[in-house]
Amino acid sequence: MTQEIKSTFDGEELIELNGKLRSSSLITLHSPWSPISEHYRLVRTNIQQSPNRLAPKVMLITSPEPSDGKSVTAVNLAISLAGNGKNVLLIDADLRRSSVNKLLGIEKGEGLAEILFLRNRSFLPISEYKTDIDGLYCVQAGQTEIPPPELLGSSRMSHFINHHRDKFDSIVIDSPPVLV
């Protein structure tokens with residue numbers, strides 16, 4: 001992807017699209033006909049054409065170490081799924097090193113941490129998660145003082161995913177790296 005960014009965007013980390021600064025690594029959004037975008041569409045097709053037509057509804061994207069590209073992969077996969085006319089919920093569950101909001105050019109605000117921590121709060125309507133990308137909804141990470149494993153392993157997290165499972169065609173979760 002580094003070569004593609006270098007040749008297409010002169011190596012710039014952020015580029016402006018529709019008046020918004022976004023990461024140049026969102027190839028599926030900025031350069032939909034590039035070979036890299038084609039590979040994301042191939043992954044999308046393989047997911048959708050799973051054996052017995054049992055395509056996974058909830059997908060967790062992780063990596064061994066930080067900076068392996070899992071967030072870029074999660075966002076590009078979510079954009080690719082949404083680009084196929086689907087409603088996709090992207091959840092930034094990397095509560096320590098969140099980057100989804102920066103990649104998408106979304107101002108940092110409340111997110112998953114607050115949703116999971118504030119047990120008395122009902123879940124927001126899905127319109128609150130809408131991005132300016134057709135079919136893509138995003139729950140950013142938010143901030144918490146509670147250790148992330150406590151929140152992510154909670155019954156509230158399971159309830160949150162199950163609550164949204166029927167409202168979206170796919171849910172893509174950007175999770176923390178597993179070896180950190």
Side-chain angles (χ1 to χ4, degrees), residues 14 16-23 25-30 32 40-41 43-44 47-48 50 53-62 70-176:
L14 296 174
E16 186 176 334
L17 182 68
N18 299 331
K20 191 177 243 183
L21 281 179
R22 299 182 205 264
S23 173
S25 62
L26 299 183
I27 297 292
T28 54
L29 183 63
H30 302 306
Y40 279 109
R41 285 193 296 277
V43 170
R44 175 192 72 200
I47 289 168
Q48 292 172 337
S50 295
R53 302 241 187 253
L54 295 175
K57 182 109 174 181
V58 179
M59 294 162 271
L60 183 110
I61 309 297
T62 192
K70 66 167 182 61
S71 297
V72 168
T73 298
V75 177
N76 274 300
L77 177 60
I79 291 170
S80 181
L81 289 164
N84 200 30
K86 304 292 184 189
N87 284 324
V88 178
L89 178 62
L90 173 63
I91 301 172
D92 188 349
D94 191 346
L95 301 180
R96 287 195 175 104
R97 294 177 47 123
S98 65
S99 62
V100 168
N101 62 307
K102 183 178 178 185
L103 291 168
L104 288 171
I106 298 172
E107 191 172 318
K108 205 168 196 171
E110 284 192 3
L112 184 63
E114 289 82 8
I115 290 167
L116 299 179
F117 177 68
L118 303 171
R119 289 179 172 79
N120 296 331
R121 177 192 273 176
S122 60
F123 299 137
L124 298 172
I126 61 172
S127 61
E128 294 294 318
Y129 307 130
K130 183 77 176 107
T131 69
D132 63 336
I133 300 168
D134 287 341
L136 183 65
Y137 298 76
C138 179
V139 176
Q140 55 182 295
Q143 295 181 328
T144 183
E145 300 294 321
I146 295 175
E150 297 296 321
L151 292 175
L152 298 176
S154 70
S155 61
R156 181 116 165 117
M157 179 68 175
S158 295
H159 183 64
F160 179 76
I161 291 171
N162 287 330
H163 177 80
H164 289 90
R165 185 183 296 266
D166 295 332
K167 295 173 177 54
F168 294 94
D169 297 305
S170 296
I171 298 174
V172 177
I173 304 170
D174 177 28
S175 76

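- When the shell of 6.0 Å around CG of N84 is examined, it contains more than 12 heavy atoms from other residues, nucleotides or ligands.
- To the nearest 0.5 Å, atom CG of residue L21 and atom CG of residue L104 are 13.0 Å apart.
- Residues T62 and S175 bring a donor and an acceptor atom of their side chains to less than 3.5 Å of each other.
- In this structure, C138 SG and L89 CG are separated by 8.0 Å, a value rounded to the nearest 0.5 Å.
- A distance of 8.5 Å separates CD of E114 from CD of Q140, quoted to the nearest 0.5 Å.
- For the pair L90/T131, no side-chain contact is recorded, criterion being any heavy-atom separation below 4.5 Å from C-beta on.
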(message) For a side chain to side chain contact (heavy atoms under 4.5 Å, CB included) check, start with the C-alpha distance between T28 and R44, then their side-chain angles and the critical distance, and finish with the verdict.
(response) CA-CA 12 Å; T28 54; R44 175 192 72 200; over 6 Å; no
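- The shortest heavy-atom contact between Y40 and V72 is OH-O, 4.1 Å.
- Summarising the geometry of V88 relative to F168, their closest heavy-atom pair is C-CD2, 3.8 Å, with the distance given to 0.1 Å.
- Summarising the geometry of A113 relative to T144, their closest heavy-atom pair is CB-CB, 3.7 Å, with the distance given to 0.1 Å.
- Close placement of the Y129 and H164 rings is indicated, their centers lying within 6.0 Å of each other.
- Looking at heavy atoms from C-beta onward, L152 lies in side-chain contact with P176 at the 4.5 angstrom threshold.
- Taking 4.5 Å as the limit, some side-chain heavy atom of L112 sits within range of a side-chain heavy atom of M157.
- Counting heavy atoms from C-beta on, the side chains of L81 and D169 never come closer than 4.5 Å.
- The two residues K130 and I133 have their closest heavy-atom pair at NZ-O, 3.2 Å.
- Proximity of D94 to S99: side-chain heavy atoms (C-beta onward) are nowhere separated by under 4.5 Å.
- The two residues D174 and S71 come nearest to each other via the heavy atoms OD2-OG, 2.6 Å.
- For CD of E107, the number of neighbouring non-hydrogen atoms (other residues, nucleotides, ligands) closer than 6.0 Å is 12 at most.
- Within the 4.5 Å cutoff, side-chain heavy atoms of V58 are placed close to those of I173.
- Inter-residue side-chain proximity for T73 and V43 is flagged as unmet; no heavy-atom pair is nearer than 4.5 Å.
- From L116, atom CG reaches atom OG of S158 across 9.5 Å, with rounding to the nearest 0.5 Å.
- Partner of S98 under the side chain to side chain contact (heavy atoms under 4.5 Å, CB included) criterion, out of N101, L95, V100: N101 alone.
- Using modelled atom types, no side-chain atom of H159 and backbone atom of S154 make a donor-acceptor pair closer than 3.5 Å.
- The minimum heavy-atom distance between D132 and R22, with the atom names listed, is OD2-NH2, 2.5 Å.
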